[in-house]
Amino acid sequence: MTHTQKRIVVNKIIMVLSSLSALVGLGFLFWILGVLVLNGIDALNWAIFTNEGAPPGYEDSGLKHAMIGQLYIVGVATLFGVPLGILAGTYLSEYGQKAKLAEIIRDISDIMMSAPSIVIGAFVYAIIVAPMGHFSGWAGSVALTIIMLPIILRTTDDMLNLVPSTLREAAFALGAPKYKVIIQIVYRGAKAGILTGVLLGVARVAGETAPLLFTSFNDNFLNTDMMEPMASLTVTMYNYATSPYEDWQKLGWAAAFILSMFILGLNIIGRIFLLKKRGK
Amino acid sequence: MATIVDIFEEKALEVKDFEFTYAGADAPSIKKLDMPIAKNSITALIGPSGCGKTTLLRSFNRIHDLYPGNKYAGEILFKGENILLPKQDLINLRIQIGMIFQKPTAFPMSIFDNVAYGMRLQGIKNRTELQDRVEKALKDAAIFEEVKDRLKHDANGLSGGQQQRLCIARAIAVEPEVLLFDEPTSALDPISTAGIEELVVELKNRVSIIIVTHNMQQAARVSDYTGFMYLGELVELGRTEEMFVTPREKLTEEYITGKFG
C-alpha cells in the first residue's frame with residue numbers, strides 16, 4: 001500500500017468511528033425522549049393541570065400543586081439570580097477587567113459552576129432550613145439562585161466582552177459618562193447574548209432535584225406560602241416515580257414530560273436568540 | 001529639534017513639551033513634542049506605523065484615560081487651559097473635541113437615535129429641536145438623502161461608508177470646536193473615501209480638524225498643514241503644499257519619496 005492509499009484508509013476509518021459515536025449519542029437522546037413522550041402523553045389528562053395531589057387510588061389526582069410550586073420557586077430564584085448575575089458580570093467586564101479581584105471572582109465562579117448541586121442544597125439546609133426549623137419555598141429559591149448565579153455571571157461577562165471597545169470609546173468620545181455607556185451602548189450591543197445566558201441559567205436550575213430535596217422539600221397540596229414547604233415538579237416526580245403505586249408512577253411520567261417540555265422550550269428560545277445574534 | 005513652520009492663524013490647540021507613556025511601558029511613546037494646531041484648518045499627521053501619530057491624536061480628547069496607568073506629561077493648551085491637568089472635566093472636553101474612528105462605530109440603535117445620542121447626553125429633550133438638529137447634521141454629513149426615509153431603521157443596516165458619514169453626523173451634531181479623525185477611510189472603498197474627504201474639507205469652515213492618515217496622497221489632497229512624525233517625535237510641521245514639494249528635513253523627504261515606512 002502506498003503512503004497516499006494508507007492516508008485515505010486511515011481517514012475513512014476515523015470518519016466512520018466518529019460518525020458512529022455521534023450516532024450512538026444521538027440514539028440515546030432520542031430513545032430517552034421517545035420513552036418520555038410515549039409514557040408522558042399517555043399519562044396526560046386535564047385533571048393533571050386542574051387538580052392537586054391525592055392519595056394513591058384516587059382517580060382525579062393532579063400536578064397543579066407541583067407546577068405552581070415549581071413556578072414560584074424558580075420564579076423567585078430568577079428574580080434574585082438574574083439582577084445579581086448581570087450586575088456581577090458587568091463589574092467583571094466593565095470595571096474589574098483584568099484586576100486581581102476580578103480574576104479571583106471568575107475562578108471561583110467557574111468552580112461554583114461545577115459544584116455538585118446536592119452540596120449547595122446541603123449548604124442552604126445548614127444556613128436556612130436548620131435555623132428556621134422547617135423546610136420552605138424560600139430556601140429552595142436561595143439554593144437555585146446560588147446555582148444560577150455563576151452561569152449568568154459568566155455569560156454576561158463574556159457577552160459584554162464581545163462588544164467592541166471602539167463602540168465604548170465612540171460613546172465616551174461624545175462625552176457620555178460611564179454608566180450611560182454601559183446601559184445605553186454596551187447592554188444594547190450584548191442584549192441577545194445576555195438574554196440567552198439568562199434563559200440557559202433558568203433552564204439549568206428548573207431541572208434540579210437534589211438541592212430542593214434539602215430545602216423546599218415537598219407538599220402534596222397547593223401551597224403559595226413561600227415560608228412553608230413547597231411542591232416542585234422535580235421532587236414530586238422523584239417521589240411519585242419511586243412509589244409502588246401505578247397511578248402515582250403515571251403522574252411521575254406526566255411530571256417528567258411537562259418539565260422536559262418546559263426546559264426544552266427555554267433552550268430553544270435561548271438558541272433562537274443566539275442564532276439571531278450570529279446572523280447579524 | 002523639529003522644523004515647525006510659522007502659523008499665522010489663531011491656534012486651536014497647542015502642544016508643549018508633551019510626553020506620553022503607555023501603562024507598563026518603560027519609555028515614552030511620544031517624546032518632548034511641541035506642535036501648534038491651526039484653527040479652522042486641517043492638520044494631517046503622517047508617519048510610519050508606530051510613530052505615535054494615533055497616540056498623539058488620542059491625547060487631545062484624553063480617550064487614553066479609559067485605560068488605567070497611561071501617563072501624560074507637558075501641556076496641551078485648548079482655549080488657554082492645559083487639558084492634561086487632573087481637574088479637567090473630561091465630559092466637557094469631549095463634547096468640545098469630537099472623534100471619528102478608524103472603523104465606523106454606529107451604535108446598536110436607529111439612525112435617528114445615533115445622531116441624537118450626543119444631544120440627548122447634553123439634556124436636549126425637545127422633539128422638534130432634536131428633529132431639526134438631526135436633520136441638519138445628516139445634511140451636513142451628506143447622508144440625509146440616502147437615509148431620510150429610514151431614520152427609524154437600525155444603523156447597522158447601512159454600508160461602511162454610510163456608517164462612517166453617520167458617525168461624522170453624530171459628531172458634528174453636538175457642534176464641537178475640534179474634530180479628530182483617526183484614519184477615517186482605511187476601512188472604506190475608494191468612492192466612499194472620496195466622499196469622506198470632500199466632507200472633511202467642507203467641515204473646516206466650522207471646526208478645526210486633525211486627521212491621522214497612512215495615506216500620503218490623502219494628506220496632500222485634504223490638509224492645509226502636515227506634521228510628519230517619526231519614532232515618537234515631530235520631525236517637521238509645514239504647509240502641506242510646501243512640505244510635499246520642498247521638505248526641509250531630510251527624513252521627511254525620504255519618507256514622502258517612499259524610501260522607508
Side-chain angles (χ1 to χ4, degrees), chain A residues 86 89-105 155-197 272-280, chain B residues 23-24 57-58 60-69 89-110 113-123 154-157 163-164 166-176 178-182 187:
Chain A
I86 291 181
T90 306
Y91 163 75
L92 291 183
S93 161
E94 304 301 310
Y95 292 93
Q97 290 166 359
K98 296 220 162 20
K100 203 149 206 162
L101 178 65
E103 293 294 358
I104 292 173
I105 294 176
T155 33
T156 305
D157 182 21
D158 291 344
M159 291 302 157
L160 296 186
N161 265 318
L162 285 181
V163 176
S165 58
T166 50
L167 219 53
R168 291 183 183 84
E169 288 184 0
F172 279 115
L174 282 167
K178 185 153 187 161
Y179 76 97
K180 283 195 176 167
V181 175
I182 293 173
I183 295 171
Q184 297 172 339
I185 308 296
V186 183
Y187 278 171
R188 232 181 242 258
K191 201 168 46 184
I194 295 176
L195 203 58
T196 309
I272 289 174
F273 275 116
L274 210 61
L275 279 181
K276 254 194 186 165
K277 188 181 158 62
R278 291 216 188 101
K280 256 190 196 163
Chain B
L57 190 81
R58 289 164 63 89
F60 292 129
N61 66 349
R62 288 189 50 188
I63 204 89
H64 288 301
D65 288 45
L66 299 183
Y67 309 97
D89 176 0
L90 293 183
I91 291 179
N92 198 18
L93 175 73
R94 290 171 187 156
I95 289 171
Q96 297 177 76
I97 303 185
M99 189 171 219
I100 311 295
F101 296 80
Q102 193 169 356
K103 282 199 189 132
T105 51
F107 296 147
M109 47 181 84
S110 74
D113 289 342
N114 258 280
V115 183
Y117 190 78
M119 290 182 275
R120 284 186 173 136
L121 281 176
Q122 292 177 27
D154 191 345
N156 282 303
Q163 284 191 26
Q164 196 62 306
L166 178 71
C167 293
I168 294 176
R170 190 173 68 194
I172 58 181
V174 294
E175 293 170 354
V178 179
L179 265 185
L180 311 170
F181 288 83
D182 185 7

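The model shown is predicted, which means the values in this text are computed figures rather than measured ones. In the text below, chain A, chain B and the rest are named by the order of the sequence lines, each starting its count at 1.
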Q) In chain order, what residues pass the salt bridge (charged side-chain N to carboxylate O under 4.0 Å, His left out) check against E175(B), with sequence neighbours excluded? A) none

**Q.** Minimum heavy-atom distance between F107(B) and L167(A), given as atom pair plus value
**A.** CE2-O, 3.6 Å

Q. When rounded to the nearest 0.5 angstrom, what distance separates NZ in K178(A) from CG in L90(B)?
A. 12.5 Å

Q. Side chain, backbone, both or neither: which part of F60(B) has a heavy atom under 4.5 Å from chain A?
A. neither

Q. Hey, what do you get for CE (M109(B)) to CD (Q184(A)), rounding to the nearest 0.5 Å?
A. 6.5 Å

Q.
Testing the basics here: between P108(B) and R188(A), what is the closest heavy-atom pair and its distance to 0.1 Å?
A. O-CD, 3.2 Å

Q: Just jot down the salt bridge (charged side-chain N to carboxylate O under 4.0 Å, His left out) partners of R120(B), sequence neighbours excluded, or say none.
A: D113(B)

**Q.** Proximal component of A173(B), with respect to chain A [non-hydrogen, under 4.5 Å]
**A.** neither

Q. Are any of the side-chain heavy atoms of F101(B) and P164(A) separated by less than 4.5 Å?
A. no

**Q.** Toward chain A, the part of L93(B) with a non-hydrogen atom under 4.5 Å
**A.** neither

Q. CG of L174(A) to CD1 of I95(B): how many Å apart, nearest 0.5 Å?
A. 9.0 Å

Q: Starting at CG of N61(B), measure out to CZ of F172(A) and round the result to the nearest 0.5 Å.
A: 12.0 Å

Q.
Within the structure provided, determine whether L66(B) and E169(A) are in side-chain contact (heavy-atom separation under 4.5 Å).
A. yes

Q.
If you count heavy-atom pairs within less than 4.5 Å of chain A, which of R94(B), M99(B), Q96(B), K103(B) leads?
A. R94(B)

Q. What part of R58(B) lies closer than 4.5 angstrom to a heavy atom of chain A: side chain, backbone, both or neither?
A. side chain

Q. Can you name the closest pair of heavy atoms from I91(B) and P177(A) and give their distance?
A. CD1-CB, 3.9 Å

